[in-house]
Amino acid sequence: LSLKQRDGIVGNATEASSSFFLMITGQIECAQTSSSSLTNTQLYCRYTFSYGPDWIVSHGVTQGITQIAGSRRALKGNDEEGKGSIIVWNFPIEISFQSTNTHG
């Protein structure tokens with residue numbers, strides 16, 4: 001196997017050509033609870049990405065916490081009794097992975 005040098009980086013040409021990238025973008029929008037399950041009006045959401053040993057994070061963070069948001073009453077018709085609460089975060093998420101294997 002031959003080594004290639006490009007921009008000061010030495011690597012195996014075969015490895016570079018067989019890997020791929022996966023980019024994930026989106027947002028954590030909101031959570032809806034029933035009025036009986038909500039004991040605190042100020043909540044945050046904690047998230048974590050789990051992945052196998054063949055995956056490398058090339059950009060972004062693998063875990064995080066949204067900002068603290070207050071709950072508000074759900075609009076009638078959003079739940080059965082119309083008494084639930086909605087917590088809105090609209091928290092953006094962006095992460096990119098590199099891998100040579102689609103499993104894991």
Side-chain angles (χ1 to χ4, degrees):
L1 297 176
S2 65
L3 295 179
K4 268 189 170 178
Q5 182 170 1
R6 181 178 158 205
D7 299 328
I9 300 172
V10 177
N12 186 324
T14 306
E15 286 179 18
S17 63
S18 64
S19 67
F20 63 94
F21 290 90
L22 172 68
M23 182 176 173
I24 300 169
T25 60
Q27 67 180 354
I28 300 172
E29 289 185 11
C30 63
Q32 183 174 354
T33 65
S34 66
S35 58
S36 61
S37 67
L38 188 62
T39 58
N40 191 344
T41 59
Q42 301 290 309
L43 299 173
Y44 64 88
C45 177
R46 177 179 292 221
Y47 67 92
T48 302
F49 287 96
S50 299
Y51 51 94
D54 292 334
W55 294 83
I56 298 168
V57 175
S58 59
H59 173 76
V61 295
T62 59
Q63 60 184 349
I65 297 175
T66 66
Q67 73 277 12
I68 295 174
S71 66
R72 61 183 170 97
R73 279 286 204 230
L75 299 174
K76 247 188 175 356
N78 283 353
D79 66 339
E80 291 177 12
E81 298 175 328
K83 295 180 182 177
S85 293
I86 295 178
I87 298 94
V88 178
W89 293 292
N90 290 331
F91 187 80
I93 294 177
E94 185 175 311
I95 189 168
S96 297
F97 292 95
Q98 181 178 3
S99 182
T100 57
N101 185 355
T102 58
H103 298 286

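Everything numeric in this text was worked out from a predicted model, so none of it was measured. Scope of the values below: all heavy atoms of this structure, side chains included, with no hydrogens, waters or symmetry mates.
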Chemist: How long is the span from the OG1 atom in T100 to the CH2 atom in W55, to the nearest 0.5 Å?
Modeler: 9.0 Å
Chemist: I need the minimum non-hydrogen distance between I93 and F49, along with the two atoms involved.
Modeler: CG2-CZ, 3.6 Å
Chemist: Check the side chains of S19 and Q98 for a donor-acceptor pair under 3.5 angstrom, ignoring hydrogens and angles.
Modeler: yes
Chemist: Check the orientation of Y47 and F91. Use parallel for under 30°, tilted for 30 to 60°, and perpendicular for over 60°.
Modeler: tilted
Chemist: For residues M23 and S96, report the shortest heavy-atom separation together with the two atoms involved.
Modeler: CG-OG, 3.6 Å
Chemist: Ignoring hydrogens, what is the shortest heavy-atom contact between S99 and D54? Give both atom names and the distance.
Modeler: OG-O, 3.1 Å
Chemist: Determine yes or no for a side-chain-to-main-chain donor-acceptor pair under 3.5 angstrom, with T66 supplying the side chain and C45 the backbone.
Modeler: yes
Chemist: Would a single hydrophobic cluster contain both I24 and Y51, if residues Ile, Leu, Val, Met, Phe, Trp and Tyr are joined by side-chain heavy-atom contacts under 4.5 Å?
Modeler: yes
Chemist: Please report the shortest heavy-atom distance between I86 and Q32, naming the atom on each side.
Modeler: CG1-CG, 4.2 Å
Chemist: Check for me, please, whether F21 and V61 land in the same ILVMFWY cluster - side-chain distances under 4.5 Å, paths through other members count.
Modeler: no
Chemist: With a 6.0 Å cut-off (strictly less than), is the heavy-atom count around CG of L22, excluding the residue itself, greater than 12?
Modeler: yes
Chemist: Dump the intermediate steps for side-chain contact (heavy atoms from CB on, under 4.5 Å) on F97 and V57, then the final yes or no.
Modeler: CA-CA 4 Å; F97 292 95; V57 175; 3.6 Å; yes
Chemist: What is the distance from atom CZ of R46 to atom CD1 of I28, rounded to the nearest 0.5 Å?
Modeler: 12.0 Å
Chemist: Can you name the nearest heavy-atom pair linking V88 to C30, along with the distance?
Modeler: CA-CB, 4.0 Å
Chemist: So how far is it from I95 CD1 to T25 OG1, rounded to the nearest 0.5 Å?
Modeler: 12.0 Å
